[in-house]
Amino acid sequence: MAQLWGGRFTKETDQLVYNFNASISFDQKFFKQDVEGSKAHVKMLGKSGILTAEEVETILGGLESIYNDVTEGKLEITSEYEDIHSFVEANLIDRIGDTGKKLHTGRSRNDQVALDMRLYVRDEIDETKDIVIELVKVLHKLMKEHINTYMPGFTHLQKAQPVTLAHHLGAYMEMFKRDYKRLLSIRERMNECPLGAGALAGTTYPLDRRYTAELLEFDGPTLNSMDSVSDRDYVIEFLSASALIMMHLSRFSEEIIMWNSNEYKFIELDDAYSTGSSIMPQKKNPDIAELVRGKTGRVYGALTSLLTTMKGIPLAYNKDMQEDKELTFDAIDTVKGCLKLFTGMINTMTVNPDRMKESAAGGFTNATDAADYLVKKGVPFRDAHGIIGRLVLYCIDNSKMLEELTLDEYKSISEVFEDDIYEAISMKTCVEKRNTIGAPGPDAMSEVIAINEKFLEDK
Ligand code: ARG
């Protein structure tokens with residue numbers, strides 16, 4: 001047991017208590033951030049005249065050698081230490097002796113862990129937003145390729161109106177652009193440095209908190225020391241943004257699974273992104289999409305868990321907050337992994353435009369356009385709706401589609417129909433005349449694609 005405390009205790013910690021309390025098995029994940037934070041703290045102690053220049057150099061040298069040895073595999077982080085902070089400090093003292101004992105001057109593990117977590121989450125936000133952009137790039141490429149790939153648009157999972165694949169993918173494009181922007185705004189809001197808050201009430205040393213903040217690339221120091229050590233809002237915000245990313249991926253996965261099914265055959269997943277069955281030789285399963293959909297629950301779980309952990313904690317630091325780590329780390333690994341796999345999966349899938357178009361032609365997806373045709377001829381919309389409803393019923397009884405009816409059949413229901421009805425309800429018209437911004441028509445689509453192009457250039 002290597003602990004940073006013990007002076008006021010008369011008994012050894014019970015082994016079970018020690019194990020229950022220790023966090024080294026998971027907080028070693030932010031070893032890099034812990035060293036980075038300690039280096040900034042020591043530089044600030046030097047600048048503020050609390051440590052001599054020589055002491056600062058010695059401590060920095062010690063911290064660097066520990067960092068190098070761990071990253072090169074020469075020094076192992078073991079459970080002999082209570083947490084990552086103890087590991088670094090104990091090793092520092094081993095290496096440089098008494099000077100090492102000055103590292104923790106004007107600092108508490110409470111502001112230290114608050115800093116480490118913040119640095120870690122900030123790094124992960126940066127990484128995650130880059131991975132989101134990779135997905136956005138693939139969606140952008142697919143949208144450009146499929147402006148004229150017709151497919152049915154659905155409501156209630158019933159065929160509604162024809163759209164294009166570019167338009168359908170464009171919906172996800174918007175979701176992932178929002179996800180990206182959300183990550184940026186969280187990063188902006190969280191970018192304040194908690195170091196120097198001490199245990200909860202600051203310190204009597206003349207710490208230059210602005211300097212520490214600057215060294216660690218924060219916009220400035222946090223403004224309340226009690227909030228600094230007990231704020232995990234930014235973790236919750238990041239988990240919430242991650243939950244939204246997963247929700248978007250999960251909805252998309254659900255569609256990929258359906259589109260890849262024998263019944264739809266809209267797409268075929270690449271062999272490299274599919275798996276087989278141990279018993280049924282014919283199977284090629286969309287396991288990746290299913291796992292992404294399944295793992296969404298884990299990330300929701302992390303968000304719910306941390307919200308619940310935090311809700312009853314009085315100011316300031318309480319040990320409950322150690323529970324912020326494992327689930328957050330797992331959620332981060334999950335969301336990054338899912339984003340990468342999903343991007344590879346849709347980048348390699350084969351689209352079947354003929355099958356999509358064939359499906360778009362069925363299910364009376366041009367019925368609204370047929371009603372609009374009557375409206376343009378002066379029929380009030382509600383009456384037009386009724387007339388087309390009766391025509392659809394007639395079609396169902398006679399196993400025909402609207403475009404297959406003769407003009408006589410049309411006229412038997414309403415005299416208003418003319419020869420131009422066929423053109424008005426062709427799939428080409430249904431899609432291509434919908435050109436208000438946001439709609440699937442090719443002009444509107446091209447405008448949106450140009451906006452997305454600019455988004456990718458400017459981001
Ligand atoms: N392992 C602790 C955590 O994750 C570090 C802070 C410990 N502070 C304390 N007062 N025991 O929250």
Side-chain angles (χ1 to χ4, degrees), residues 1-9 11-38 40-41 70 77-93 101 103-124 190 193-203 212 216 222 224-236 238-239 302 305-333:
M1 296 185 204
Q3 290 165 329
L4 298 173
W5 43 273
R8 62 99 68 217
F9 288 78
K11 269 191 191 170
E12 279 279 293
T13 315
D14 181 273
Q15 187 63 47
L16 284 177
V17 172
Y18 181 84
N19 296 346
F20 190 65
N21 196 45
S23 53
I24 187 91
S25 64
F26 47 89
D27 64 16
Q28 57 180 276
K29 197 136 181 153
F30 50 52
F31 165 70
K32 176 180 142 237
Q33 287 81 1
D34 195 76
V35 173
E36 212 183 306
S38 287
H41 180 64
V70 169
I77 302 175
T78 63
S79 59
E80 182 195 336
Y81 303 91
E82 181 187 341
D83 53 29
I84 195 64
H85 325 298
S86 320
F87 167 82
V88 173
E89 196 175 321
N91 274 279
L92 185 70
I93 296 166
K101 294 180 182 165
L103 166 67
H104 210 54
T105 313
R107 188 174 72 169
S108 155
R109 273 186 300 166
N110 297 351
D111 60 344
Q112 187 178 359
V113 76
L115 172 72
D116 290 2
M117 193 65 182
R118 221 176 256 251
L119 288 173
Y120 186 85
V121 168
R122 193 177 68 177
D123 287 347
E124 292 296 333
M190 71 170 287
C193 184
L195 202 64
L200 76 161
T203 95
T212 322
L216 293 166
T222 49
N224 181 288
S225 58
M226 290 177 83
D227 180 51
S228 308
V229 291
S230 59
D231 169 31
R232 295 295 182 271
D233 287 4
Y234 62 95
V235 186
I236 293 174
F238 183 38
L239 288 175
S305 169
L306 189 54
L307 281 168
T308 313
T309 299
M310 294 302 294
K311 84 178 180 59
I313 302 184
L315 290 177
Y317 178 85
N318 293 261
K319 197 62 177 254
D320 317 40
M321 287 161 70
Q322 182 165 289
E323 286 296 308
D324 64 353
K325 295 176 192 61
E326 283 161 290
L327 288 161
T328 300
F329 295 157
D330 180 73
I332 291 172
D333 290 344

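In each ligand, atom 1 is the first atom listed, and ligand 1 is the first ligand listed. These numbers come from the heavy atoms of this one structure, side chains and all, not from hydrogens, waters or symmetry mates.
A 4.5 Å side-chain heavy-atom check between Phe238 and Met190 finds every atom pair outside the cut-off. Contact of the Asn91 side chain with the Tyr81 side chain is registered, since non-hydrogen atoms from C-beta on lie closer than 4.5 Å. Residues Glu89 and Arg109 have side chains not in contact (no heavy-atom distance under 4.5 Å, counting atoms from C-beta outward).
Results of the salt bridge (Lys or Arg N to Asp or Glu O under 4.0 Å) test with Arg118 over Asp231, Asp111, Asp233 single out Asp231 as the only residue that passes. Here the rule is salt bridge (Lys or Arg N to Asp or Glu O under 4.0 Å) with Lys29, and of Asp333, Asp123, Asp116, Asp34 only Asp333 fits it.
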What are the atom names and distances for all N or O pairs under 3.5 Å between ligand 1 and the protein?
residue, atom, partner, partner atom, Å
ligand 1, 1 (N), Ser23, OG, 3.1
ligand 1, 1 (N), Gln322, OE1, 2.7
ligand 1, 4 (O), Lys325, NZ, 2.6
ligand 1, 8 (N), Asn110, OD1, 3.0
ligand 1, 10 (N), Asn110, OD1, 3.0
ligand 1, 12 (O), Tyr317, OH, 2.4

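Partners of Asp330 under the side chain to side chain contact (heavy atoms under 4.5 Å, CB included) rule, at least two apart in sequence or in another chain, are Arg298, Thr334.
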